[in-house]
Amino acid sequence: MGKNSERTEMNGTLSQNDQVRVRMAPSPTGYLHIGGARTALFNWLFAKHHNGKFILRIDDTDTARSTHESMHEIYDALKWLGINWNEQYVQSDRKSIYEGYVEQLLESGNAYHCYCTPEELEEIRAQARVDKQTRSYDGRHRHLTSEDVDRFIAEGRKPTVRIKMPDTPILVEDIVLGSRNIDPETLEDEVIVRSNGMPNYNLTSIIDDAEMQITHVIRGTEHLNNTPKQIAIANALGLEVPQFAHIPLVLDSGGRKMSKRHHGDLVAVNRYREQGYLPEAMLNFVVRLGWSYDDKQEIFSVDELIKKFDLDRVGKSGSVFDIKKLEWLNSHYINQLDVAVRTDAVIPFWQEEGLLDSVEDRDWLESIVEAVGERLTTFQDIVPQTRYFFTDEFEYESKAVKKWWGGSDEKKQKTCEILTNLQQILEEIPAFDIETIESVIWKYTDENDIKRVAAMQALRIALTGTSFGPSLFDIVVLLGKDEVLKRIPKAIAHL
RNA sequence: GCCGCUAUCGUCUAGGGGUCAGGACGGAUGGUUCUCAGCCAUCAAACCGGGGUUCGAAUCCCCGUAGCGGUACCA
């Protein structure tokens, strides 16, 4: 009802026995980025929701920029996210298929060879701009005489193939954006085959969509302008046109499209994996960029998403990538994990940092993770949070020192006294467990009229170098008596 | 320049002729506490502008404005 009636109607044209087939068609020119992950997710969820198929198609017609390596990076990233595919194609394997269609287009007169050089084209573009024209290429090689052709060939020019754009309006129906007629005057004869013989995106994409019986093309709005061109090609070929759904862009905090080019690592899905983000968090975060369910739910499991996701609740405007929200979701999902799983996840980060080489003392490690509790935003956070458990080679944070150890000589004196007393108390303690330590320390502070926080923070800095972290009693026990009795004098000496 | 798309708190969004315009992230304040985080409570914060239509407009219609996307022998 209301706002989305148009869409649901169009969605309703899908008949019961038509199986949904969607695809994600990345070009392997780098890692999978956030926008790509969202496109993949929307497609995948749509397929799952409608019990259809999700197809991965590698659009590598740009041979100069495509790499095998990045193809595998994309596979890895999708697998990590848990987005699996039913079928897989690589366009470079399908060149002969496209050639057949090009032949057909040429024969039917819907396409023609264009011998313009890049320099000429450049000129045409510049001129069109000063003339305030919509189109730049004017179809000048639509009707070449054989003498013209011979001359160009003699000059050594290699032709491209261009599609003849129709002179009637093209109806573009979009499930998200609605329908509109595109004025043919705004369309120009696109290059569909390069002069090196490689077919172009607009050609291969729509051919494969038809060949693979794609029912819905769900992709970013940066492709909106390509849609009428692709429809024109499909029409010329008599191919069936899929339904389109253009989803809004993922933007940076300045409101610009997120891209590898401008944002580098920040948009790489793999980077988030490396930093200790959970795929569940990533999925949950990314799905809410442009899609919402109602006014109350923020946390969605994958199963819920499959159940609830549909195109009718996809918005039309771009969404800003807000890392704070991702962090919130990530800590939420980390906290759902039990200690053993969290420990497994965190061990590689300790190892990578050189803090840990063997995991013999598994119980101790789990106790550390337990003590850290809900303080992890990412698994990587384990390192700054727990470094001091593994080494006494840490700095005493200057800010903490200033605040809790003493900006003045007098305060230093006091801190020194407290630490000396604590050292003695802990040395003589009957049992080294949380309860005993707590009671002994509280007894000391209360009887000597020392603020608990002052004594605790002094000790905390002595043992960890920082003023924040897990319960100090946990830390003391986990460090062990020997280590604690070694670190206090060291701190006193530093004072 | 040209073509196109979009417009609700800082951000993600709900709502879509009558609502105190709701929620979440982030922010602020207070409480709990040995610190931090967490948790609890409280608070600030939005309908791009101008005209219509209407008893009534964030919502419908015009007109602006702004932002973004595309403008390749990239995808």
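In this text, all values refer to a predicted model and were calculated from it rather than measured experimentally. A, B, ... follow the sequence lines: proteins, then strands. Residue 1 opens every chain.
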Asker: Starting from P on B/A72, measure out to CG on A/Leu187 and report it in whole angstrom.
Answerer: 13 Å
Asker: When all nucleic acid strands are considered with a 4.0 Å heavy-atom cut-off, which category describes A/Ser471: base, sugar-phosphate, or nothing?
Answerer: base
Asker: Is any side-chain N or O of A/Arg219 closer than 4.0 Å to OP1 or OP2 of B/A75?
Answerer: no
Asker: Do A/Lys308 and A/Gln297 have a side chain donor and acceptor closer than 3.5 Å?
Answerer: yes
Asker: Applying the side-chain contact (heavy atoms from CB on, under 4.5 Å) test to A/Leu187, which of A/Asp167, A/Ile182, A/Asn225 qualifies?
Answerer: A/Ile182
Asker: Hey, does A/Arg375 reach any base, or is it just sugar-phosphate, or nothing, if we go heavy atoms under 4.0 Å?
Answerer: base
Asker: So, is A/Asn200 near the phosphate of B/A75, with a side-chain N or O under 4.0 Å from OP1 or OP2?
Answerer: yes
Asker: Across the strands shown, which category fits A/Ser195 at heavy-atom distances under 4.0 angstrom: base, sugar-phosphate, nothing?
Answerer: base
Asker: So what does A/Glu374 touch, heavy atoms closer than 4.0 Å: a base, only the sugar-phosphate, or nothing?
Answerer: sugar-phosphate
Asker: State which residue, out of A/Phe152, A/Tyr115, A/Tyr112, fulfils the side-chain contact (heavy atoms from CB on, under 4.5 Å) condition with A/Pro159.
Answerer: A/Tyr115
Asker: Check this one for me: any side-chain N or O of A/Lys324 less than 4.0 Å away from OP1 or OP2 of B/G27?
Answerer: no
Asker: Please classify the nucleic acid contact of A/Ser319 as base, sugar-phosphate, or nothing, using heavy-atom distances under 4.0 Å.
Answerer: sugar-phosphate
Asker: Closer than 4.0 Å, any side-chain N/O of A/Arg180 to the OP1 or OP2 of B/C5?
Answerer: yes
Asker: Under 4.0 Å between any heavy atoms, over every strand shown, what does A/Asn226 touch: base, sugar-phosphate, or nothing? Just pick one.
Answerer: base
Asker: Using a heavy-atom cut-off of under 4.0 Å over every strand shown, decide if A/Ser317 touches base, sugar-phosphate, or nothing.
Answerer: sugar-phosphate
Asker: Select from A/Arg288 and A/Leu326 the residue whose nearest nucleotide in RNA chain B is closer to the 5' end of that strand.
Answerer: A/Arg288
Asker: In whole angstrom, what separates A/Trp291's CH2 from B/U11's P?
Answerer: 22 Å
Asker: Starting at atom CZ of A/Arg57, determine the distance to atom P of B/A75, rounded to an integer number of angstrom.
Answerer: 12 Å
Asker: Remember a base hit wins even if backbone is also touched, and classify A/Arg135 as base, sugar-phosphate or nothing at under 4.0 Å, heavy atoms.
Answerer: nothing
Asker: Per the side-chain hydrogen bond (donor to acceptor under 3.5 Å, both in side chains) rule, which among A/Ser27, A/Ser92, A/Ser66 passes with A/Asp60?
Answerer: A/Ser92
